[in-house]
Amino acid sequence: MYYGNLTNQKVFSYKINWFFVIVLEIFWAILCVVLPYYLIIPFFVYFTVLILILIRPKWGIYPLIFLVPIISNYIGFYSEASSIIKKLFRFNNYIDYMPFYMLISLPAFFSLILSELTGFKSYFVRSKINLLFLILFFWNFLLLICSPNIIYSTVPFLTFTINILLYYLLVFAIDEEGFHRKLMWCCIFVGLIMSSVVCISFFFEFKFEEKIVLWEGLSFSANVRNHIRGRGQCLGHPNETSLILNLLTCVSIGMVLCEKNKIKKLICKTSLIFFIFANFLTMSKSGTLAFLAMIHFLLFSIHSLRKKLFWNLILLNSTWIFLFFLGIKFISETKAPRLFAGGSNAAFSITSRLDMWKEGISNLLNNSLGFGLGPGGFRYYTHTGMPSPHSFYVSVLCDLGFVGLLILFLVILIIVKNYLQMFRHQDTYSQVMFICCCGGLLAIGVQGLIDSSYISSFNWLFLGLSVSAFHLARKGLVHLKEDS
C-alpha cells in the first residue's frame with residue numbers, strides 16, 4: 001500500500017486506527033446476531049460514528065457541542081449506588097448519572113491520545129491550568145479511596161473524570177482558528193435550539209422518564225421534565241438553562257465582532273437578541289445578575305466597543321431592559337415578576353442556602369478536617385436532600401476540601417493573568433474570542449456564588465473552548481514577535 005510522504009510513525013498510526021476499525025466491524029457483526037431487531041439500527045448508527053471518531057478524533061467534538069448543553073447529565077447511565085440515600089432524596093438527579101455523551105467523548109479522547117503517541121498529531125499544549133487539573137484529578141481519586149462509601153462516591157467521581165477528559169479533548173484537539181470558529185457556529189445553533197425550547201416550555205408540560213436495565217445495578221435512564229412551572233427552561237433546571245444561555249451570548253457577541261460576511265453577522269446579531277430574550281424567560285435571579293456583570297465586563301474589555309463607550313452603554317442597557325419587559329409580557333405574568341420578588345420558594349432562598357453551606361462546611365471540618373468529603377460527599381453527609389449546596393465554590397470546598405478550593409483559585413488567577421495579557425492584543429479572531437470567553441467565565445463565577453456545581457458538564461466544555469482560544473491567540477502573538 002502506498003502512503004505517500006508519510007513518516008513511519010504516521011503510517012503506524014494509520015495501521016493502528018484501521019486495526020481498531022476492523023475490530024469494531026467484527027464486534028458489530030457479532031452484535032447483529034445477538035441483539036434484538038429494534039436495537040440494531042441505533043447500534044449501527046453509534047458504531048458508524050465511533051469508526052469516524054477513531055479515524056478523525058476532531059469529528060467527535062461536533063456532536064459533543066450539541067449533546068453536552070442540551071441533554072447534559074439528565075440522560076445517561078444511572079447507577080443504583082445512590083439508593084443508599086433514597087430516603088433523603090426522593091428522585092434521581094444529575095449527580096446520579098454518568099452522562100450519555102461519554103460514549104463519544106471517551107473514544108474521541110482515546111483516539112486523540114493514540115494519534116499523539118504514534119506521532120501522527122504533534123500539537124501539544126503546555127499549560128499550568130492543564131497541570132492543575134491533573135493534580136485535582138489525582139486529589140479527587142485519593143479522596144475517593146478514603147471515602148466511607150466508595151461505591152456511592154464512584155458515580156460522581158466518574159462524572160468528574162469524564163468532564164476533565166472532555167476539557168483535555170478540547171484543549172488538545174483544537175489546533176487551528178478555522179476549527180474553533182466552526183465550533184463557535186455550532187454553539188450558536190445550540191443556542192437557537194435551546195432558546196426555542198425555552199419559549200415552547202411555557203405552553204407545553206413535558207415529562208419523559210425512561211429506564212432500560214443494562215446490568216444489575218446499572219441502567220440507561222432519561223429524566224426529562226418541566227422542573228418549575230411558569231419559568232422558561234430547556235431539559236435542565238431554569239437556572240442551568242440561564243447559565244448556558246449566558247455563555248452562548250458571549251459566543252454570539254464574539255462572532256458578531258469577528259465575522260466579516262454581512263449575512264453571517266446578521267445571523268449572529270439576531271441570535272444574540274434571541275438568546276437574551278430567552279434568558280430572561282428563565283426568570284433566574286442569579287442568571288440575570290451574571291448576565292449584567294458579563295455584558296458590562298465585555299463592554300469595557302473589548303476595544304471596538306470601548307471606542308464609543310457612552311453610546312454603546314446606552315444601547316446595551318436599553319436593549320436588555322426592552323427585552324426584559326418583553327419577556328414579562330410574553331409570559332403574561334400578572335403578579336410581580338419573580339426577579340423582583342423576595343424568596344418565593346423557601347427551599348431555595350438565600351437563607352436556606354446559607355443553612356446548607358453551614359452544614360456542609362461543618363461536616364467538612366468535623367469529618368475530614370478540611371481535606372474534603374470526597375466525590376458527592378456533600379449529599380452523603382448532609383441531610384438537606386439536595387445534590388449540591390447550590391454554590392460552585394461551596395461544592396468544590398465540601399467535596400474537594402481546601403486543596404480543591406486552592407487549585408480553583410490558582411486556575412482563576414491564571415485566567416486573569418491571561419486576560420490581562422490579551423487585553424492589549426485584540427487583532428485576530430482568537431484574541432477577540434478569548435476576551436469574550438472571559439466574559440462567560442465571569443458569568444460562571446458570578447452565578448456560581450449561589451448556584452451551579454463543579455459537576456456541571458457545560459462549565460468544563462466552555463472552559464475547554466476558552467483555554468483553546470487563548471492558546472491559539474498566544475500562538476498568534478509568538479508569530480507576531482518572530483516577524484518583528
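The analysis underlying the following values was restricted to heavy atoms, covering all of them including side chains, and did not include hydrogens, waters or symmetry mates.
- Each side chain to side chain donor-acceptor pair (under 3.5 Å) pair with one or both residues in residues 402-419, not counting sequence neighbours, appears once here: Ser301-Tyr419.
- The shortest distance between side-chain heavy atoms of Asp399 and Ile455 does not fall below 4.5 Å.
- A heavy-atom distance below 4.5 Å is found between the side chains of Leu463 and Ile415.
- The CG atom of Leu67 sits 10.5 Å away from the CG atom of Leu461 when rounded to the nearest 0.5 Å.
- At a threshold of 4.5 Å between non-hydrogen side-chain atoms, the residues Phe470 and Cys437 do not count as touching.
- For Glu176 and Lys58, the salt-bridge test passes: some basic side-chain N is under 4.0 Å from an acidic carboxylate O.
- Among all heavy-atom pairs drawn from Ala173 and Leu112, the shortest one is N-CD2, 4.0 Å.
- Inter-residue side-chain proximity for Gln447 and Leu289 is flagged as unmet; no heavy-atom pair is nearer than 4.5 Å.
- Within the 4.5 Å cutoff, side-chain heavy atoms of Met356 are placed close to those of Phe378.
- Looking only at side-chain heavy atoms (C-beta outward), Pro63 and Ile104 come within less than 4.5 Å of each other.
- Residue pairs meeting the salt bridge (Lys or Arg N to Asp or Glu O under 4.0 Å) criterion with at least one partner in residues 157-168, sequence neighbours excluded, do not occur; the list is empty.
- If you take OG on Ser452 and CZ on Phe458, they are separated by 11.5 Å, rounding to the nearest 0.5 Å.
- Aromatic pair Trp460/Phe133: centroids less than 6.0 angstrom apart.
- Of all non-hydrogen atoms in Asp175 and Leu472, the two that sit nearest each other are C-CD2, 3.7 Å.
- The closest donor-acceptor contact from the side chain of Ser362 to the backbone of Lys358 lies at 3.5 Å or more, if one exists at all.
- For Glu259, the salt bridge (Lys or Arg N to Asp or Glu O under 4.0 Å) partners at least two apart in sequence or on another chain are Arg181.
- With Ser395 contributing its side chain and Phe392 its backbone, the two residues share a donor-acceptor pair below 3.5 Å.
- Atom CG of Leu103 and atom CE of Met98 lie 10.5 Å apart (nearest 0.5 Å).
- Remark: of the listed residues Tyr62, Trp59, Trp185, Tyr62 is the sole one forming a ring pair (Phe, Tyr, Trp, His ring centres under 6.0 Å) with Phe179.
- You'll find the ring centres of Phe277 and Phe324 outside the 6.0 Å limit.
- Annotation: side chain of Lys285 is not in contact with side chain of Ile450 (no heavy-atom distance under 4.5 Å).
- Around CZ of Phe371, the count of heavy atoms belonging to other residues, nucleotides or ligands within 6.0 Å does not exceed 12.
- In the displayed structure, Phe100 atom CZ is contacted under 6.0 Å by at most 12 heavy atoms of other residues, nucleotides or ligands.
- Distance CG/Leu406 to CG/Leu397: 11.5 Å, rounded to 0.5 Å.
- Looking only at side-chain heavy atoms (C-beta outward), Trp357 and Ser391 come within less than 4.5 Å of each other.
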Derivation of the ring-ring contact (aromatic ring centres under 6.0 Å, His included) call for Phe280 and Phe325: CA-CA 9 Å; Phe280 287 135; Phe325 285 103; 9.5 Å; no
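- Contact record, Leu247 with Ala443: CD2-CB, 4.4 Å, taken as the closest heavy-atom pair.
- Here the side chain of Ser242 pairs no donor or acceptor atom with the backbone of Pro238 at under 3.5 angstrom.
- A donor-acceptor pair is defined here as one N or O able to donate and one able to accept, closer than 3.5 Å; no such pair exists between the side chain of Asn140 and the backbone of Leu136.
- In this structure, CG on Leu64 lies 7.5 Å from CG on Leu170, to the nearest 0.5 angstrom.
- The aromatic ring centroids of Phe157 and Phe137 lie less than 6.0 Å from each other.
- The main-chain N or O of Leu405 is never found under 3.5 Å from a side-chain atom of Tyr393 such that the two would form a donor-acceptor pair.
- In terms of modelled atom types and a separation under 3.5 Å, the side chain of Ser468 and the main chain of Gly464 share a donor-acceptor contact.
- For the 3.5 Å distance criterion, the side chains of Tyr454 and Asn163 fail to qualify, holding no donor opposite an acceptor.
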Residues Ser430, His180; criterion side chain to side chain contact (heavy atoms under 4.5 Å, CB included); working and verdict: CA-CA 8 Å; Ser430 55; His180 193 278; over 6 Å; no
Run the side chain to side chain contact (heavy atoms under 4.5 Å, CB included) check on Phe138 and Leu142 step by step: do they pass? CA-CA 6 Å; Phe138 284 110; Leu142 182 62; over 6 Å; no
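- The heavy-atom pair separating Cys234 from Val198 by the smallest distance is N-CG2, 4.2 Å.
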Run the side-chain hydrogen bond (donor to acceptor under 3.5 Å, both in side chains) check on Tyr167 and Asn130 step by step: do they pass? CA-CA 9 Å; Tyr167 163 81; Asn130 296 344; 2.7 Å; yes
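- Considering every non-hydrogen atom in both Leu248 and Cys187, the closest pair reads CD2-O, 3.6 Å.
- Across Thr282, Thr241, Asn239, a single residue satisfies side chain to side chain donor-acceptor pair (under 3.5 Å) together with Arg231, and that is Asn239.
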Does the pair Leu165 and Ser105 meet the rule for a side chain to side chain contact (heavy atoms under 4.5 Å, CB included), with working shown? CA-CA 8 Å; Leu165 294 182; Ser105 64; over 6 Å; no
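- Listed for the Ser153 side chain is a donor-acceptor partner under 3.5 Å among the backbone atoms of Pro375.
- Side-chain atoms of Ser195 do not come within 3.5 Å of backbone N or O of Leu192 as any donor-acceptor pair.
- With His303 contributing its side chain and Phe423 its backbone, the two residues share a donor-acceptor pair below 3.5 Å.
- Of all non-hydrogen atoms in Ser466 and Phe434, the two that sit nearest each other are O-CD1, 3.4 Å.
- Annotation: ring pair (Phe, Tyr, Trp, His ring centres under 6.0 Å) contacts of Phe275 (sequence neighbours excluded): none.
- Applying the side chain to side chain contact (heavy atoms under 4.5 Å, CB included) test to Val403 and every residue at least two apart in sequence or in another chain returns Trp139, Ile407.
- Listed by chain and number, the residues in a ring pair (Phe, Tyr, Trp, His ring centres under 6.0 Å) with Phe462 amount to none (sequence neighbours excluded).
- Atom CE of Met294 sits about 8.5 Å away from atom CG of Leu442, to the nearest 0.5 Å.
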Determine, stepwise, if the pair Tyr429 / Met184 fulfils side chain to side chain contact (heavy atoms under 4.5 Å, CB included). CA-CA 11 Å; Tyr429 158 81; Met184 293 298 101; 3.1 Å; yes
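- When atom types are taken as modelled, the side chain of Ser111 and the backbone of Ala108 share no donor-acceptor pair closer than 3.5 angstrom.
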